[in-house]
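Notes to accompany the following structure.
None of these values were measured; they are calculated from a predicted model.
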Amino acid sequence: MEISAAPLIYLLIFVAVVVIVQGLYLTVFGKSISLDNRVSRRLQLMQKNSNREEVLEQLRKEMSQHMTSRGIPLYSLLADKAQKANIAFSPKQLVMLMAAMTAVSYAGLMIGTEASPPVRAVLSVLMGVGGVYFWVNKQAKKRITLMEEQLADAVELMVRSLRVGHPFASAIGIVAKEVPDPLGTEFGVIADEAAYGRNVADALKAFAERMDNQDLRFLAVAVAIQQQSGGNLAEILEGLSKVIRARYKLFRRVRAITAEAKWSGMFLSGFPLAALVGINMVDPNYYVEVKDAPVFVPAGIFVGVMLTINVFYMKIMTNIKV
């Protein structure tokens with residue numbers, strides 16, 4: 001019995017693409033770009049370059065470059081994710097990276113498989129573009145999750161700063177120094193913008209819209225209302241921190257309750273594909289006798305459409321809005 005290793009080679013090439021992209025990112029930007037660092041990227045850049053204005057300009061460019069470049073071909077597929085992940089690669093660099101990974105995938109398919117050139121071309125594009133998109137999406141999810149975990153503590157830190165007499169701009173600066181990334185750098189940029197004359201409420205609102213985060217919108221609205229009508233901002237933010245923490249606990253609880261259903265959906269969606277790959281590996285000639293039948297191609301298309309519908313339907317069923 002002949003066993004085909006082609007499906008395994010496809011998987012290994014895709015994994016290699018993701019690993020290469022991550023390695024290039026860390027090589028170009030160093031450890032300062034990692035979200036696991038206790039010292040924020042802004043503080044590390046200021047250690048290298050004492051010019052506060054230049055550091056602010058660099059960070060603002062990184063934070064806004066993706067949404068202003070949606071017109072680039074292919075880039076519109078991942079502009080929103082790249083913005084939320086705050087990828088330091090420029091849009092052109094990401095497009096060039098997708099092209100380079102496509103070439104790497106094609107070379108790997110040419111060396112490791114016997115697929116025809118048209119098939120290799122299609123698979124290499126899917127692996128190159130898909131691998132970069134997968135990496136960006138993973139970075140975005142990681143950054144958003146960390147930000148949600150940090151936000152309640154950051155607001156409580158601002159409350160303590162306000163109660164000891166610091167102005168709100170100084171409280172944001174304290175958060176920028178004491179809280180690691182991603183919130184550390186984001187609040188540091190807001191503090192720098194406030195120092196150069198920008199309204200803090202406007203900066204917070206822009207940050208909330210860029211991240212599409214409801215809790216950040218609450219914070220921006222609370223600060224804007226206090227600026228217009230007055231009041232004890234410390235008490236307002238203390239209540240907001242309790243709301244944010246309660247919402248976060250609720251989201252985590254819902255996530256825990258729906259975890260089994262999500263994994264079941266992933267299994268039911270992935271099992272037919274895994275079975276197809278397993279059959280092709282164990283017996284590459286399994287479909288030889290029926291592939292010339294007139295209903296083979298329509299049946300294959302029908303099964304593919306139904307599997308796609310199943311994936312979306314399972315995702316809708318397990319995506320509970322709270």
Out of curiosity, does [Y] fall in the hydrophobic cluster containing [X] (side-chain heavy atoms, cut-off under 4.5 Å, transitive links)?
X: I244; Y: M147; result: yes
X: L26; Y: I20; result: yes
X: Y133; Y: V136; result: yes
X: V132; Y: V15; result: no
X: L183; Y: F218; result: yes

Is atom [atom1] of [X] surrounded by more than 12 heavy atoms (other residues, nucleotides or ligands) closer than 6.0 Å?
X: K205; atom1: NZ; result: no
X: F271; atom1: CZ; result: no
X: E53; atom1: CD; result: no
X: R253; atom1: CZ; result: no
X: F296; atom1: CZ; result: yes

I need the minimum non-hydrogen distance between [X] and [Y], along with the two atoms involved.
X: M67; Y: A79; answer: SD-O, 3.9 Å
X: R42; Y: V189; answer: CD-N, 4.0 Å
X: I87; Y: H66; answer: O-NE2, 2.6 Å
X: A82; Y: L94; answer: CB-CD1, 4.3 Å
X: Q227; Y: A201; answer: OE1-CB, 3.6 Å
X: F187; Y: M158; answer: CE2-CE, 4.1 Å

Within the structure provided, determine whether [X] and [Y] are in side-chain contact (heavy-atom separation under 4.5 Å).
X: E54; Y: L45; result: no
X: F207; Y: D202; result: no
X: T113; Y: Y10; result: yes
X: M101; Y: S124; result: no
X: L240; Y: I236; result: no
X: M211; Y: R143; result: yes
X: L146; Y: E149; result: yes
X: F134; Y: V17; result: no

- Query: Under a 4.0 Å N-O cut-off, is there an ion pair linking R245 with D153?
  - Reply: yes
- Is the shortest side-chain N to carboxylate O distance from R247 to E148 below 4.0 Å? no
When rounded to the nearest 0.5 angstrom, what is the spacing between [atom1] in [X] and [atom2] in [Y]?
X: H166; Y: I174; atom1: NE2; atom2: CD1; answer: 4.0 Å
X: Q93; Y: M96; atom1: CD; atom2: CE; answer: 7.5 Å
X: M110; Y: R120; atom1: CE; atom2: CZ; answer: 6.5 Å
X: L237; Y: S161; atom1: CG; atom2: OG; answer: 10.5 Å
X: S241; Y: L157; atom1: OG; atom2: CG; answer: 11.0 Å
X: K84; Y: N213; atom1: NZ; atom2: CG; answer: 9.0 Å

- Decide yes or no on salt bridge (charged side-chain N to carboxylate O under 4.0 Å, His left out) for R210 and E186, but give the supporting numbers first. CA-CA 11 Å; R210 177 158 46 84; E186 294 285 356; 3.0 Å; yes
Judged by atom type as modelled, is there a donor-acceptor pair below 3.5 Å linking the side chain of [X] to the main-chain atoms of [Y]?
X: Q139; Y: A85; value: no
X: Q150; Y: P180; value: yes
X: D181; Y: R41; value: yes

- Item | Close aromatic pair by centroid cut-off 6.0 Å: Y25 and F29 | yes
- Query: After noting the C-alpha distance and the side-chain angles of F89 and V28, does the key distance pass the side chain to side chain contact (heavy atoms under 4.5 Å, CB included) rule?
  - Reply: CA-CA 9 Å; F89 279 139; V28 173; 4.3 Å; yes
